[in-house]
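A short worksheet on the structure shown next.
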Amino acid sequence: MTQRLAGKVALVTGAARGIGFAVAAAFVREGATVVVADLNGAGAAEAAASLGESAMPVTVDVADPDSVAAMMAAILSAHGRVDILVNNAGIGANTPFLETSLADWNRIIGVNLTGAFMVAQACAREMVRTGGGKIINIASLSGQRGGNGRAAYGSAKAGLELLTKVMAVELAHANINVNNIAPGAIETEIAKAMHDRATRAAYAARIPMTRYGTPEEIADAAVFLCSDEARYIHGHTLNVDGGFREAGLMFTRDAG
Ligand SMILES: NC(=O)c1ccc[n+]([C@@H]2O[C@H](COP(=O)([O-])OP(=O)(O)OC[C@H]3O[C@@H](n4cnc5c(N)ncnc54)[C@H](O)[C@@H]3O)[C@@H](O)[C@H]2O)c1
């Protein structure tokens, strides 16, 4: 245990399970007090209980401004500040462009982009008041590359990556450090829902490291970006994807 986040108050959205939970657990290990926020209130309570006294559950729908305001009020009443935000809550679908309904589009943009915007703005206002902080937005490889079935999801994540850059430019003066993590294929419940057999085969052929990542591998990157060691990394997108984004021609020598 290195205690790199000792004394910090961190909010992780979508932390009842998956990547968010792994980030919350890593932050607790590093000495932070963590707010485990999720739409699934019972899941958030269970997750927070498993992390011990340093974790506090909050039920929130990040797509609902009143719910975000209530979450902020609960955090400020309990801890008086928020030093770190990991904007992780997200939903996905594997729906072809021609079949994407306006309702699907609005729902996915509403959580993944508008929700992240609202939570980031609320936290950044507090960080301005208290003298600084760290914000990580969890975007996606799907926001960088055109992939099957990702019209709404990929567009939301591309928007989130650009929002990260604007926030980095505008918030640097307030000592707020803003970065983006773009996970590749990570073995979680959302991946189970979005990745059918064809998707898994396509990923298998295109990931140089030839495997899906784990939630803990995203959490390790989040700890680094929230630590003092990353203080001059700003407005950056860190892909944690086993090399997917950078890969070009790939073959095995013995195949020829
Ligand atoms: N798993 C992957 O392969 C992958 C790849 C790239 C990006 N991501 C992104 O990582 C993040 C976490 O994904 P995951 O794989 O852990 O998914 P997950 O489905 O396992 O967990 C997502 C969590 O977010 C919560 N959530 C959903 N809507 C919410 C809302 N409106 N308000 C608050 N909480 C809400 C869910 O209840 C759930 O606990 C998401 O933003 C996702 O888009 C995941």
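Just follow the structure's listing: the first ligand is 1, and inside any ligand the first atom is 1.
The backbone N or O of Pro96 sits less than 3.5 Å from a side-chain atom of Thr100, completing a donor-acceptor pair. The backbone N or O of Ser227 sits less than 3.5 Å from a side-chain atom of Lys134, completing a donor-acceptor pair. With Ser54 contributing its side chain and Thr33 its backbone, the two residues share no donor-acceptor pair below 3.5 Å. Panel note: side chain Arg150, backbone Asn148; a donor-acceptor pair is recorded below 3.5 Å. Within the 3.5 Å criterion, the main-chain N or O of Ala202 finds a donor-acceptor partner in the side chain of Arg206. Under the 3.5 Å distance criterion, the side-chain polar atoms of His234 are matched with a main-chain donor or acceptor of Ala168. Within the 3.5 Å criterion, the main-chain N or O of Asn88 finds a donor-acceptor partner in the side chain of Thr13.
Of all protein heavy atoms, the one closest to atom 42 (C) of ligand 1 is Tyr153 OH, 3.5 Å. Atom 14 (P) of ligand 1 has Thr188 OG1, 3.5 Å as its closest protein atom, hydrogens excluded (heavy atom only). The nearest heavy-atom contact from the protein to atom 19 (O) of ligand 1 is Arg17 NH2, 2.8 Å. Among all non-hydrogen protein atoms, the one lying nearest atom 16 (O) of ligand 1 is Ile19 N, 2.8 Å. Shortest contact from atom 32 (N) of ligand 1 to any protein heavy atom: Val62 N, 3.1 Å. Protein heavy atom in closest approach to atom 24 (O) of ligand 1: Gly14 CA, 3.4 Å. For atom 22 (C) of ligand 1, the closest non-hydrogen atom of the protein is Gly90 O, 3.9 Å.
Counting heavy atoms of neighbouring residues, nucleotides and ligands inside a 6.0 Å radius, atom CZ of Arg4 exceeds 12 of them.
Set against the non-hydrogen atoms of Ile186, the atoms of ligand 1 under 4.0 Å away are 1 (N), 2 (C), 3 (O). Close contacts of ligand 1 with Val60, meaning ligand atoms under 4.0 Å from a residue heavy atom, involve 32 (N), 33 (C). Using a 4.0 Å cut-off to heavy atoms of Glu189, the atoms of ligand 1 that qualify are 20 (O). Less than 4.0 angstrom separates some heavy atom of Gly18 from each of these atoms of ligand 1: 16 (O), 20 (O). Residue Ser140 approaches ligand 1 through these ligand atoms, each under 4.0 Å from one of its heavy atoms: 6 (C), 7 (C).
Any N or O atom pair closer than 3.5 Å counts here, and Leu141 shares no such pair with ligand 1. In terms of N/O distances under 3.5 Å, ligand 1 is approached by Leu39. Ligand 1 has a nitrogen or oxygen under 3.5 angstrom from a nitrogen or oxygen of Asp61. The N/O atoms of Gly20, backbone and side chain alike, include none that comes under 3.5 Å of an N/O atom in ligand 1. Close N/O approach between Asn112 and ligand 1 is not found [any backbone or side-chain N/O within under 3.5 Å].
When non-hydrogen atoms are compared, ligand 1 lies under 4.0 Å from neither the backbone nor the side chain of Tyr212. The proximity of Asn88 to ligand 1, defined as any non-hydrogen pair under 4.0 Å, involves the side chain as well as the backbone. With a 4.0 Å heavy-atom cut-off, ligand 1 is reached by the side chain of Val111 but not by its N, CA, C or O. Proximity of Ala139 to ligand 1, defined as any heavy-atom pair under 4.0 Å, is confined to the backbone N, CA, C and O atoms. Both the backbone and the side chain of Pro183 come within contact range of ligand 1, each with a heavy atom under 4.0 Å.
A donor-acceptor contact closer than 3.5 angstrom links the side chains of Asn239 and Asp241. Residues Thr2 and Glu30 bring a donor and an acceptor atom of their side chains to less than 3.5 Å of each other.
In this structure, Lys157 counts as a contact residue of ligand 1, since one of its heavy atoms falls inside 4.0 Å of the ligand. Put simply, no part of Phe21 is less than 4.0 Å from ligand 1, judged by heavy atoms. Using a 4.0 Å cutoff on heavy atoms, Ala185 counts as a contact of ligand 1. Within the structure, the closest approach of Gly184 to ligand 1 falls below 4.0 Å when heavy atoms are considered.
Taking 4.0 Å as the cut-off between side-chain N and carboxylate O, Glu46 and Arg17 do not count as a salt-bridged pair. Under 4.0 Å is where a charged nitrogen must lie from a carboxylate oxygen, and between Arg211 and Glu217 at least one such pair does.
Residue pairs meeting the ring pair (Phe, Tyr, Trp, His ring centres under 6.0 Å) criterion with at least one partner in residues 157-214, sequence neighbours excluded, are His195-Tyr203, His195-Tyr212, Tyr203-Tyr212, Tyr203-Phe244.
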Show your reasoning for whether side-chain hydrogen bond (donor to acceptor under 3.5 Å, both in side chains) applies to Asn87 and Asn137. CA-CA 5 Å; Asn87 242 334; Asn137 293 319; 3.0 Å; yes

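Scanning Ile181, Asn40, Ile108, Ile91 for the heavy atom closest to atom 28 (N) of ligand 1 points to Ile91. Scanning Val23, Val58, Val12, Asp38 for the heavy atom closest to atom 26 (N) of ligand 1 points to Asp38.
In this structure, Leu160 and Leu163 have side chains that are in contact, with non-hydrogen atoms separated by less than 4.5 Å.
Residue Lys157 forms a side-chain contact (heavy atoms from CB on, under 4.5 Å) with just one option from Leu141, Asn180, Ile108, Asn112, and that option is Asn112.
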